[in-house]
Structures are given as C-alpha cells and as structure tokens.
A.B. asks: 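I have a structure I would like to understand better, so I am pasting it below and will then ask my questions one at a time.
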Amino acid sequence: MNWLIRALSSSIGKKFVMGITGLLLCGFLITHLAGNLLLYVGAEEYNHYAHALHEQKMLLAVAEVGLFVLFLAHVVLAVVTTRENKLARKQNYDVKETKQKAPLFAYFPHDVMWTSGVIVLGFVLLHLADFRLGLRNPGPEGEEPFDKAVRLLHDPITFGGYIAGVLVLGMHLSHGFSSAFQSLGLNHPKYNKFIQCAGTAFAIIIAVGFASFPIWAVMFQ
Amino acid sequence: MAIAEPATNILDSKIPSGPIQDKWDKCKFDLKLVNPANKRKFNIIVVGTGLAGGSAAATLGELGYNVKSFCIQDSPRRAHSIAAQGGINAAKNYPNDGDSIWRLFYDTVKGGDFRSREANVYRLAQVSNNIIDQCTAQGVPFAREYGGFLMNRSFGGAQVSRTFYCRGQTGQQLLLGAYQALMRQVSTGKVEIFSRREMLDLIVVDGKARGIVTRNLINGEFETHTADAVVLATGGYGNAWYLSTNGNGSNVTAAWRCHKKGAFFANPCFTQIHPTCIPRSGDYQSKLTLMSESLRNDGRVWVPKRKDDSRPPAEIPDSERDYYLERRYPSFGNLAPRDIASRAAKLECDKGHGVNDTGQAVYLDFRDAIARDGEDVIRAKYGNLFHMYKKITGDDPYHVPMQIYPAVHYTMGGLWVDYHLQTTIPGLYALGEANFSDHGANRLGASALMQGLADGYFVIPYTIGDHLARHSFEKIPEDHDACREALENAKGRVNKIMSIGGSRTPNQFHKELGAILWDYVGMERTKAGLETAIENIRGLRSEFWEDLKIVGKNEELNQVLEKAGRVADYMEFAELIATDALNREESCGGHFRQEHQTSENEALRNDDDYAYVAAWEFNGVGEAATLHKEQLEFENVPLATRSYK
Amino acid sequence: MSHETINLTLKIWRQPNAETEGRFEEYQLEGVSTHASFLEMLDILNDELIEQGIEPVAFDHDCREGVCGMCGMMINGQPHGPDLETTTCQLHMRRFEHNDKITIEPWRATAFPIVKDLVVDRSAFDRIITAGGYVSVNTGNAPDANAIPIPRPDQQQAMDSAACIGCGACVAACKNASAMLFTSAKVSHLSSLPHGKSERSERVLKMVAQMDDEKFGSCTNTGECEAACPAGIKLEDIARMNREYLRASLCSSGQ
C-alpha cells in the first residue's frame, strides 16, 4: 500500500482526493435539495419522506458516517494544503494584480475558497446543531418534520445563517465544481466550456434552491 | 601592419588521407579507443551548454566519462542557441528533390565562398542525418505532414528543401533536447553542472590543457577545476560589435583567454552581417532582433530618392522611391544574398537616404504583396513575424512598411581546430561557433544548428578518446604551479579592473568599441579604415584601463564587474579582428574589402594568395601576432566565383 | 517611429544577497524613450546609478528576444508586466504613461530564493527536469526519424507544450507558488510523443515527487499561471499531468 500512500500524499493526490470528496459532497447536495423540495409539495409528503428515511437506520448510519468522512477529508486536506501553500511563499508581493480577464462581478471565487470554505463549515455546524442534534431550539416531543423545519427557519439566526451559508456555498461551488474536474484530469477543449457552464449552473441551482426554503418558510408559513 | 612571421609551419590539420567520402570512417578507425571500463577514470570539462556544449557533455557522460559542465547563465537551458529561429539542415532527401550528402557538402563549401576545409564540411554533411534521427528520438517536435512524416522547408543558398524546423523556435527545441539529455546524465551522476560560472583562464600543464579557472558569479569565488581534457563550446564573438543579434551574455572571454594561453585564433574577420534586423531606435538600444530572411520573398526594399526625406512612407509616391535592390540586381532583386543585401543597405544609408530618426534603416514594404495576395495570405505566411515586429516597434507592418537594417549575427571565425576539433593546445577542443572550421567566409542559413550538434553528438565523443588514450595523465593537485599561476592570473585581472577608479561605465566603453568596429570593420572594410580602427582600438583600450568605473565588490553578484571583464577582452580581441581583416587583401563572403570588388560590386576573391586559413598566434597585448597559414585544398568542389546573376 | 520621452518613478526591491533583508528603494528616471524596452529602461537607470556610485539593480537577462527565459520580474504586480504572452524583455516603455510609478519586485517563492535584487535562483526547475524530464535515448541509438510517424495534431500539441521557456512566471503568478504549469508542460510534451511513451509513468511520478520536494505550493486551479505565461502554455497541460499521474499511480506496474 506504500504506492497508495505516496500517491495520495503527493500534491496531485491531495488535489485528487479534494476533487473526489468535493464532487461526492455535491452529489449529497443534490439529494438533500431534492428531498427538501418536497416541502413545496406539501407537509404530508415531506413528513412521509422524512419518516421513511429515518426508518432506514442502517442506511442512515452508513450515509452519515460516509458524509462525515468525506467532509472531514475535504476539510483536513483544505487545512493541510492551505498551510503548505502559505509556506510556498513566505513573503508576499507589495503589489499583486491578475492578468486574467475578470468575470462578471470582477471577483474570482477561487481567490476566496479558504474563506468561503470556513464560512460553509460554520454554516454546516450551525445547521447540524439546529436540525440534526437539536442543540439550540429543541422542539416538542413528536414534532412532525415539516413543522420542525418551518419552526426552525423562523429563528432569525438560523434564517440569516442559512441564507448567508448557502449563498457562500454557491460561491464555493462556482469554482469547486469545475476545479474538481480539472484536478481529476478531466479537461478537454471540447468540453471545458460545458463543464464551466455546468459548474456555474450547479452553483446557482444549489444556492437559489436552498436559499428559497427559509424565504418560503418566513413569507408563506 | 605588424604581423610576425612564423619560423615553420606547425599547423597539422590531421585530415585523413583517401577519398573524401571515406575520410571520417578512416579517421574513426585510426583513432585510439578508451575501453568502456577505463572511461570512468577520465575527467572532462565542457565549457558552455549550448547546442555544441550541451550535446557534447551529455554524450560524453553517456559514454562513461566524468563530465563537469559549466555555463554563465543560471541554467544550461538558457544558452543562446535557444534563440535560433529558422531550422536545421540535413541531407535526408525526404522531399525526394535530389538532395544528397554530396549536395549539402557542395552547397556549404560554395556558400562559404571557398574558405572552409573540405574534409570537415563533408563530415558535417555526413552526420547531418544522424542529428535529425537523434533529436527526433529525444522528443524534438519537428514539423510534420498530416500523414505524420517529417516536413522540410527551403532556405537560402540551396535549391533543395532540406531544412527541418519547429515553428520559429527550432533552436529552442534542439537546445531543450540537448539540455534534457544533459540533465539525464546529471541524474545518473556522470555530469555535474556548474551554473553561473565564468571561465577566466585555462590551466596548461606540460603543454596540455588540464583545467580551467572560473569565477563563481554569485559570490565572486575563484575556483580551479582540473581534468584530463577541456572542451570549449562558448559560442561566437558577435557582441564585440556591441549591437548584434546575440544574447547579452554571449562573449569572447573564454576563447580569448585560451588564445592568450596558446590556442591559435582563425579567421576572426569572417563575420556574418544579417540584412534583415529591426534597426536601432536610439542610444539606449541593447540588442538587435533578427527578422527572418524569408520576409524578402514578398517584401520590397526601398529608400526615398530624396535625401533626408521626412515624409511618412505612405506619402512618398512610387516615382520618388528607390527600390535599389531591384534596380541594382534585376535578376535576384529583393532576394539578393545576405552579404550583398546588407552592403547595399549600408550604402544607401551612408548616402543619406536612410530612414528612421537615426538615418540607419531602409523600408521593407509589403504594400504591393498585400494588394496582390490580400492581407490574409500575408498573415498566414508571416503573421508571427509581423506580430513580433509590432511588439518591438509599435508599428503595424500591415499598414506601415517595416524598417530594417543589417546587424552582426554570426561569427564564422573562431579558435583554430584540426579535424579532431582540437586546438593548437593538446587536450583543448573547440566546438560549434567557437571554432572556425565549417562555414568558411559565410555561413548558410540553418547550418549553425547542424554544426553545433554535429560537433557535440557525433565528432567530439570519438576524437577526444584518441587524446585520452594516447597520453598518460597524472593527477594535478589544486596547488600545482600551473593552477596557481592561472588562478593568480584570473584574480589579478579582476583586481586590476576593480582598482581603476575612473569615471566611465563598462557599457559606455563597449558602445564606443562597437562603434569603431561597426564603422571600420563592419560590412565594408578598407585598408585606411582598418588602420584607423587599430589605432582607435588601442587608444580606447588605454583609456579603458585608466578611466573605467566599477561599483560594488568582487565577493558578490556583480554584473558590472562581469561586463567589465568581457569588455576588457573585447578591447584586446578587436585589434585581432581588424588585423586579420587588414591582412586579408581580398573580398570573400562576409569579409568585403572595398579595394577588391568587380565592376559590379561583387566580392573579388584572391585564391592565389589567400586560399588559406589565417591562424593567429598571440604574442602579447599590443604586440604583433604571428600569422600561421593553413593552405586550403579544393579537390572536390572546384574553385569558382559565386554568381548571383 | 516618433520619439516621446516619459519620466518615471521606480520602486524597486533591493536586496544585497539571500541572507540580508531586502527593502524597496525609489528612483526617479527622466527622459526615457517610449521606444526603449523595459530592460533597456533598467539599463539606463543602472548607468545613472553607477555614475552616482550606487550599486546598479541586478536582474537576469540574456537573449532579449523572449525565448531564453532568463528575464522575469513582477512589474506592478504582474509577471513580465501588463501584456499577455510577453516577456519582460519584449515589454516596451510605450506601454507606460508619463509620471507613472512602477513597482518592480523579484519572483517571490520559497522554492526561488532571492540571489540579489531581482535575481532569483530557479535551479529547482533544473532539478525537476533532472528527475525525469527527458527521453532516455543515448546518442547513436536513434532509428530513422521517419520510422515512427507522429500524427500532426500530436506533434502540434507537443510543440505547444514544449514552447515553455522556463522563466518561472507561472510560479510567480500563482497564489500558491505552484510549479504545476512548468512541470506539466514537460510531462505533456513528452507523453504526447511516441518516443516518450515508454517511460511516461516513471517520468510523471518522479517529476511530481521532485516538484513537491522543492516546496512549491499545490495547484488550486485558479488559472493565474496560464494568464501569466509568456509562452502560451495552457491549463490543459496541468489536467493532462493530473491524468498521467493518476494513471501512473493506479495502473503502472512500477513502484
């Protein structure tokens, strides 16, 4: 297994793992978004889905552990590579300008991956504390999942954190999605444009999709 | 003119006997061999990492020798061979257009205006094909047809297509191939690289070259390196003229210091001045950039008929333009050979017809070609060159004629070497542009790359073994008298430079020297001019040693000091160039003596008196050098006048 | 070519050697022709400094026509200055305005220690090539050059990658000081040719390992290197190297 350790600890290997975990987490985002969209279908359907999911104890456990490992690997690698990258240039430039053509908003999501990642991490912790662990606003016994979601989304901190979190997540994804393909070596002039566009579209769908829930909850419920 | 005559003819060119086709085979067979196990006992120093030096060091390492490779740049990959654009010749005859080794040999001897050594040129043509094979195997991405086979293009001086190329970066790709082969030997431990080192002296023990003294350019340390043989591949001396197409670092110092140690210097006056370069735009100019000769296929060269005409070119009607090449050489027109075209441009500018603020430029106009073929056709042919021109000058050649002027490009002269590429100091070899052997008085396009790689890959690996096998080599301790003497010599010169305390910078002196050489030892030379040049060079040299200003210390990276050392050598060397030009009472190739021309301004050779290589022996700075003559025999290519009609 | 001259304020990083701390110095330079190249502008400054008895600014340069890769400096925060696909020596002063202030810094990367002023040590690049950036063919071994046809697109692609001049602008531009573009250019060049295929796995593993050892940062796919590259090397090469690396790690029989 020496070869595997060596490969994964190389700079390219680390980026590879970063890309794979990122893409798998993107897959989770899709299922999570799809499940949440049931909120719009109706309380009954949403509750049915939630209960059905929670009855699959083994599946849930495996999924949660898997997600945790993916997330942990993603975060640990981010910390490790960011530290190494900082060491690769100990003294910064007095002036630094880019030669790239600025995108629409004259900012580069790739410049803030660390910051956006930290914010997303904070949001995820808050989100888990609220919805998974019930640490901040534990609801009454036997509360239906739909009611719980609506109630929690009315909390101003949850509401604000949720919207800010998913918007920053979108920013993170707008670079991360296509970047993962590049790290995996999936780059071809014929498909690059498509991957870029798909990345942007994915980031917008995820950000807008998730951000719609708290707004819907507060305005219509 | 002060020229010392030698007592006896001591030059032995070691040309093997027999028919010219068999000479190299015979030579290889007669060479003594070093057996594979013994090769690791020999140490070889290679100075320079261009095409010749890089390929030599790599190949010698492959053979098993211990090689120390030196370069002045930060990496072996930066040697100035990298800037060669056009291509490399070989007699592959892939296009099936009648090429052969014999034809390449013939073209090269004739192109060199019959001042090169037949045997060497034939060998060059013979190994040219191996070079293409070797470089392809190394991964050099030569241009290919759609079917995947190699493509050729045409170049000057030949009626066949034999030039292989990698876009406009052939030199770069060939050099990177050699560099990679070299680094592979570094990984095996057979080659050790010493970068940012400048060779300052040669160590000679018992008459044999046994090492070098270098200055570490980072910390100013003087180092002695001993070995069993020294290979010099330090390029040409075009920078003596200050402005040339050479890289700023190219210099004559290593070759000149070897000359001072006893290596003869051959034909220093043979210099190629390339007609199509971007002209000087002001005093600050540091180098001249070559624009490919191919532009003259479609561009028309002209100057305004009226002297000092300051109108923009577009406002000058055809009737007031002088297309002087078409007028003077109606059959060749704008495609007149390099030396003719260069001289004609100079003549027009000297008469006051030159354009540009300096009056030292002529127009190369694509107006008619664009009107005839359309801008797209011209763009497809020359787009990258036009782009490069625009980057440098800010002018758009699609709308404004290019301005061009000749510039010093390549030096055919160099250290005298025999057929083994050995100089007159046993154990000291000179390869590539640093030697004199293959191009005579004029080099054909795409032949420099061929020669550098031929010498490094396919000649020196054989011939150096003969020297090593025939002699015994005792280990030279670092404190050997010869090492100490060379070390003190190198240190002494640097200390002397540091101690002057004058007021002018090395650059200023270099510019002044360049102006003398350009004015009197440039495209057209006269007896009186050359005598003036020698006098002026001597005057400037003494001023140099009295009024040079240096800042900083020796013990650190000091680019002013580096430059001063090189200029100091040019100051001595320039006198030899002029002396050689003065001695050669004929016109041939790049050497044009105004006194010797036909009624049609063609070069007039004097084969009866000057069909020889002038090999100069050093007798002291300011002292008359001794002229040794190697008579040239032309048994296979009959002596004839080059005709452009 | 009409002449115009401009005055400049130059803010230049001065550092006597690797061990000593550096700092910025400001110099006024007057009457610089807009036709001068950027390096010629520095030549003019240096001649003035020497006349004043001040040590001139050390900078690397050689061919001055954009191919040797020797020159390179950060000019107002951009490697080789503001133009695309242009080296410092090809940059001309007509790109600047009268009374501009120009900040000039050396490449900054842990793997490129400063030697003096604007001169850095890029020998790490040589060591990456030494690790495997070659085809192992001894002189004399080669078959006829036409024995193995190479499809033109492959040759073109190899040439695109082989055009790298090794200047280090990619490292200088990258926020992580990563050498991925440089390394991948050589990996791409050689792996796309049949002659280089037999050792492609070993090559990429060794070159990447050496690159990591040299303390370059890792790639975060920001594309800064590509934009800064004067030789037009593309991000595709990095992806190709990633692919080669994964292939070599997962599928090759060696190691």
Side-chain angles (χ1 to χ4, degrees), chain B residues 59 62 73-75 77-78 80 82-83 94 132-134 136-139 141 143-150 166-167 169 172-173 176 180-181 183-184 186-187 195 218 247-249 281-282 284-287 289 356-357 391-395 403 457 461 505 507 549 551-552 556-557 559-560, chain C residues 1 3 16-17 33 35-36 39-40 43-44 47 50 53-56 58 60-65 67-70 86 90 92 94 115-116 119 122-123 125-126 129-131 133-139 141-146 149-152 155 158-159 162-163 166 189-190 193 195-196:
Chain B
T59 308
E62 287 164 13
Q73 294 88 353
D74 68 332
S75 159
R77 68 179 289 152
R78 314 224 190 264
H80 193 61
I82 205 158
Y94 286 153
I132 303 302
D133 298 341
Q134 184 63 31
T136 301
Q138 286 171 349
R144 294 197 177 244
E145 310 277 3
Y146 277 104
F149 295 100
L150 287 157
C166 307
R167 295 194 189 143
Q169 296 123 287
Q172 179 198 29
Q173 292 311 311
L176 292 180
Q180 286 161 205
M183 297 325 265
R184 175 171 159 246
V186 171
S187 76
S195 60
I218 299 293
N248 276 220
S281 59
Y284 49 79
Q285 188 114 8
S286 59
K287 86 155 271 167
T289 303
N356 185 351
D357 296 342
K391 225 186 243 180
I392 292 172
T393 64
D395 287 342
Q403 297 183 359
Y457 283 133
T505 67
N507 236 2
K549 183 179 173 99
V551 291
E556 59 186 16
L557 178 68
Q559 294 170 321
V560 190
Chain C
M1 290 197 246
H3 263 269
N17 50 50
S33 164
H35 290 307
L39 294 185
E40 284 163 355
D43 289 341
I44 297 168
D47 257 12
I50 298 171
I54 300 171
E55 267 205 59
D60 267 332
H61 63 98
D62 192 23
C63 80
R64 297 209 178 192
E65 50 187 276
V67 71
C68 76
M70 190 96 173
T86 300
Q90 292 172 312
H92 279 68
R94 64 181 77 90
V115 172
K116 182 176 182 176
V119 177
R122 288 168 290 194
S123 53
F125 274 5
D126 286 330
I129 298 295
T130 305
Y134 42 74
V135 175
S136 297
V137 53
N138 280 358
T139 305
N141 283 353
D144 186 89
N146 258 347
I150 302 174
R152 191 184 231 179
Q155 173 260 321
M159 183 63 218
H189 161 208
L190 295 176
L193 295 172
H195 303 88

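Reminder, nothing fancy here: chain letters follow the sequence lines and each chain counts from 1. Any value given below was found using the heavy atoms of this structure, including those in side chains, with hydrogens, waters and symmetry copies removed.
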A.B. asks: Can you find a heavy atom in the side chain of Met159(C) that is under 4.5 Å from one in the side chain of Gln169(B)?
C.D. replies: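 They are in contact (side-chain heavy atoms under 4.5 Å apart), so the answer is yes.
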A.B. asks: Do Arg122(C) and Ser75(B) have a side chain donor and acceptor closer than 3.5 Å?
C.D. replies: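 Arg122(C) vs Ser75(B): no donor-acceptor pair found between side chains.
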A.B. asks: Evaluate the side-chain proximity of Phe125(C) to Arg77(B): yes if any heavy-atom separation is below 4.5 Å, no if none is.
C.D. replies: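 Result no, sub-4.5 Å side-chain heavy-atom pair not found.
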A.B. asks: Counting only heavy atoms closer than 4.5 Å, note whether Ala163(C) contacts chain B via side chain, backbone, both or neither.
C.D. replies: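 Its backbone and side chain both get close to chain B.
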A.B. asks: Mind checking what makes side chain to side chain contact (heavy atoms under 4.5 Å, CB included) contact with Asn146(C), not counting sequence neighbours?
C.D. replies: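 For Asn146(C), the residues satisfying side chain to side chain contact (heavy atoms under 4.5 Å, CB included) (neighbours in sequence not counted) are Tyr94(B), Arg144(B), Phe149(B), Leu150(B), Asp144(C).
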A.B. asks: Decide yes or no on salt bridge (charged side-chain N to carboxylate O under 4.0 Å, His left out) for Lys116(C) and Glu556(B), but give the supporting numbers first.
C.D. replies: CA-CA 9 Å; Lys116(C) 182 176 182 176; Glu556(B) 59 186 16; 3.7 Å; yes
A.B. asks: Check whether Val137(C) gets within reach of chain B through its side chain, its backbone, both or neither, counting any heavy atom under 4.5 Å.
C.D. replies: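 Both parts, backbone and side chain.
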A.B. asks: Measure distances from Ile150(C) to the heavy atoms of chain B and classify the residue's part below 4.5 Å as side chain, backbone, both or neither.
C.D. replies: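 Both the backbone and the side chain of Ile150(C) come within 4.5 Å of chain B.
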A.B. asks: Considering non-hydrogen atoms only, spot the tightest contact between Arg78(B) and Cys68(C) and give its length.
C.D. replies: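 For Arg78(B) and Cys68(C), the tightest heavy-atom pair comes out as NH1-O, 3.0 Å.
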A.B. asks: Using non-hydrogen atoms and a 4.5 Å limit, figure out which bit of Leu39(C) sits close to chain B: side chain, backbone, both or neither.
C.D. replies: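 Leu39(C) has no heavy atom closer than 4.5 Å to chain B.
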A.B. asks: Testing the 3.5 Å rule here: is there a donor-acceptor pair between the side chains of Thr289(B) and Glu65(C)?
C.D. replies: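 The criterion, which ignores hydrogens and geometry beyond distance, is not satisfied for Glu65(C) and Thr289(B).
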A.B. asks: Who pairs with Gln138(B) by side-chain hydrogen bond (donor to acceptor under 3.5 Å, both in side chains), at least two apart in sequence or on another chain?
C.D. replies: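 Here the qualifying residues are Tyr457(B).
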